[in-house]
K.L.:
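Below is the structure I would like to discuss, written out as structure tokens.
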Amino acid sequence: MNDTFLENRASKPTKDELRNVFAEAYRLGLEAAPEGRVADYIPELAKADPGAFGIYMLDGNGESISFGDVSTRFSIQSVAKVIILAVALKYRGFDETFSHVMMEPSGDSFNSILKLDLRSNLPFNPMINAGAIQTVSLLADEFGFDDLMGFARELCMDPNIVLDEAVYNSEHDTGDRNRAIVYLLKSKGVLMADPEKTVDLYFKLCSLSVNARSLAALGLVISNGGVNPFTGRNWIEPDHVRTIKSLMFTCGMYDFSGQFGVKVGVPGKSGVGGGMVCAARGPMGIGLYGPSLDPYGNSIAAVKAMEHLSEKLNLHVFDYL
Ligand code: GLU
């Protein structure tokens, strides 16, 4: 096997070669897991196994490769922000959505309130808490939780997604910073729905239970131009996919997004439950689960594994311009 597949871009790796690359990525991720810490600011998340790690790849032909902990369900957390944005673009359109939230990386942590208060009336982007909460407020008067869970089930090709009640209760009991954000948005006159209804819907969407396969399927739909390759259903318009991928690329990994962009170069989104979705070329969706987090809030094992995959499979978007 070549050291990378860069030498001959026309050649696709064989299934065995691909499997070997994923096996090594899994090994590297597993090795890195003890260096991170499980999130505990939402008490229920602290119960996750810090050593767990799983990786699931799904391509447009339905071929899959998986290693490790791919059946454990965990809460989707911030990966829901991708779904929230997809729904807003579909039902509110680009212009309306982005008249309520900006599209700039914030460089701050996911739950920061500082720039929102000091520098702007609108949240910086839909991938941070303030932006996602604001985007939820665009939808909250038309869609209930069951509607939005239905969209998540479709996009993740996973009818078994349900509300993780324990995580939801834990977030509900401890989510004061998110309440502060929603009321700050209200005080600025930009929130589009009732603050309690909005933040409750946001907590519930963060508490959807998924597994690595669900996230791989979500990544595949995004990577495949918004079309579910198995049903042919075009869920997300192509220009909306471009917007979603751009925001995942620039803002999807918290204040590590720049480093992830340089080192991995694949549109992705992580959540503090340990999940990560990546939409790689191919089309290829990669879903990862590793609840030990780096200091930014990204799964430390998932980042490590994606670095390896990107290098060996030439996944960096600027490698194939
Ligand atoms: N529900 C979490 C929060 O709002 C999501 C954070 C995340 O995954 O980044 O704090």
Side-chain angles (χ1 to χ4, degrees), residues 36-50 52 72-84 87 108-114 116-117 123 126-141 143-153 160-188 191-211 214-215 254-255 269-276 289-299:
R37 284 197 53 207
V38 167
D40 56 8
Y41 77 101
I42 299 169
E44 193 63 25
L45 297 183
K47 296 181 180 166
D49 171 6
T72 297
R73 291 216 165 241
F74 55 91
S75 56
I76 191 168
Q77 296 299 335
S78 268
V79 181
K81 292 172 169 116
V82 173
I83 297 171
I84 294 165
V87 177
D108 289 335
S109 61
F110 66 97
N111 58 6
S112 178
I113 232 161
L114 273 178
L116 176 61
D117 198 23
M127 297 291 139
I128 55 171
N129 285 16
I133 291 170
Q134 171 76 345
T135 309
V136 167
S137 84
L138 284 179
L139 303 170
D141 284 338
F143 299 107
F145 172 68
D146 285 343
D147 302 317
L148 294 167
M149 181 166 65
F151 296 148
R153 286 175 175 167
N160 297 319
I161 290 178
V162 290
L163 177 71
D164 183 328
E165 299 268 356
V167 171
Y168 165 64
N169 289 331
S170 194
E171 285 218 45
H172 185 270
D173 292 347
T174 58
D176 292 333
R177 181 169 273 267
N178 288 322
R179 288 194 184 87
I181 289 173
V182 84
Y183 279 99
L184 185 58
L185 291 166
K186 178 169 182 264
S187 79
K188 286 173 175 286
L191 194 76
M192 300 303 289
D194 174 73
E196 288 301 328
K197 179 167 148 183
T198 299
V199 78
D200 189 61
L201 195 49
Y202 170 76
F203 289 146
K204 285 187 171 147
L205 292 170
C206 290
S207 307
L208 292 171
S209 77
V210 292
N211 58 24
S214 338
L215 298 187
Y254 308 111
D255 36 339
K269 181 74 199 89
S270 62
V272 295
M276 183 185 288
Y289 168 60
S292 271
L293 307 181
D294 66 17
Y296 305 98
N298 303 301
S299 166

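This one's a predicted model, so the numbers in the text were calculated from it and none came from an experiment.
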K.L.:
Say whether, by atom type as modelled, one donor and one acceptor occur between the side chain of Asp294 and the main chain of Gly297 under 3.5 angstrom.
P.N.:
yes
K.L.:
Measure across Ser137 and Leu191 and return the closest heavy-atom pair with its distance rounded to 0.1 Å.
P.N.:
CB-CD1, 3.7 Å
K.L.:
Evaluate Ile42 against Phe203 for side chain to side chain contact (heavy atoms under 4.5 Å, CB included), listing each step before the verdict.
P.N.:
CA-CA 11 Å; Ile42 299 169; Phe203 289 146; over 6 Å; no
K.L.:
Can you name the closest pair of heavy atoms from Ser75 and Ser207 and give their distance?
P.N.:
CB-CA, 4.1 Å
K.L.:
May I ask you to decide if Asn298's main-chain N or O and Ser270's side chain share a donor-acceptor pair within less than 3.5 Å?
P.N.:
no
K.L.:
Measure the shortest side-chain to side-chain distance between Leu45 and Ser170 over non-hydrogen atoms and say whether it is less than 4.5 angstrom.
P.N.:
no
K.L.:
Identify the heavy atoms of Ala140 and Lys197 that sit nearest to each other, and give their distance.
P.N.:
O-CE, 3.1 Å
K.L.:
Should His172 and Asp200 count as side-chain neighbours, where that means a heavy-atom distance under 4.5 Å?
P.N.:
yes
K.L.:
Enter the distance from Leu139:CG to Ile84:CD1 here, rounded to the nearest 0.5 Å.
P.N.:
8.0 Å
K.L.:
Which heavy atom in Leu293 sits nearest to a heavy atom in Gly271, and how many Å separate them?
P.N.:
CD2-O, 4.4 Å
K.L.:
Please name the residue in the list Ile161, Leu205, Ile83, Val82 that meets the side chain to side chain contact (heavy atoms under 4.5 Å, CB included) test with Ile76.
P.N.:
Ile83
K.L.:
Run Phe145 and Leu208 through side chain to side chain contact (heavy atoms under 4.5 Å, CB included) and show every step you take.
P.N.:
CA-CA 10 Å; Phe145 172 68; Leu208 292 171; 3.6 Å; yes
K.L.:
I need the minimum non-hydrogen distance between Ser187 and Leu184, along with the two atoms involved.
P.N.:
OG-O, 2.8 Å
K.L.:
Angle between ring planes, Phe74 versus Tyr289, binned at 30° and 60°: parallel, tilted or perpendicular?
P.N.:
parallel
K.L.:
Check Leu185 against Pro123 and note the closest heavy-atom contact, atom names and distance.
P.N.:
CD2-CG, 3.7 Å
K.L.:
Any side-chain donor paired with an acceptor under 3.5 Å for Ser209 and Asp164?
P.N.:
no
K.L.:
Answer yes or no: is there a side-chain heavy-atom contact under 4.5 Å between Met127 and Ser78?
P.N.:
no
K.L.:
Looking at OH of Tyr254 and NZ of Lys269, how far apart are the two atoms once the value is rounded to the nearest 0.5 Å?
P.N.:
4.0 Å
K.L.:
Do the charged groups of Asp176 and Arg179 touch, with an N to O distance under 4.0 Å?
P.N.:
yes
K.L.:
Within 45° of the ring axis of Tyr183 and under 6.0 Å from its six-membered ring centre, is that where the NZ or CZ of Lys188 lies?
P.N.:
no
K.L.:
Do Ser292 side-chain atoms and Pro50 backbone N/O form a donor-acceptor pair below 3.5 Å?
P.N.:
yes
K.L.:
Is there side-chain contact between Val182 and Tyr202, with heavy atoms separated by less than 4.5 Å?
P.N.:
no
K.L.:
Do Val167 and Gln77 have side-chain heavy atoms sitting under 4.5 Å apart?
P.N.:
yes
K.L.:
Check step by step if side chain to side chain contact (heavy atoms under 4.5 Å, CB included) holds for Arg73 and Asn160.
P.N.:
CA-CA 10 Å; Arg73 291 216 165 241; Asn160 297 319; 3.6 Å; yes
K.L.:
Picking from Asp146, Val199, Leu163, Leu148, what satisfies side chain to side chain contact (heavy atoms under 4.5 Å, CB included) with Lys204?
P.N.:
Leu163
K.L.:
Do Asn129 and Lys81 come close enough that some side-chain heavy atom pair is under 4.5 Å?
P.N.:
yes
K.L.:
Would you compute the distance between atom OG1 of Thr198 and atom NZ of Lys186 and round it to the nearest 0.5 angstrom?
P.N.:
11.0 Å
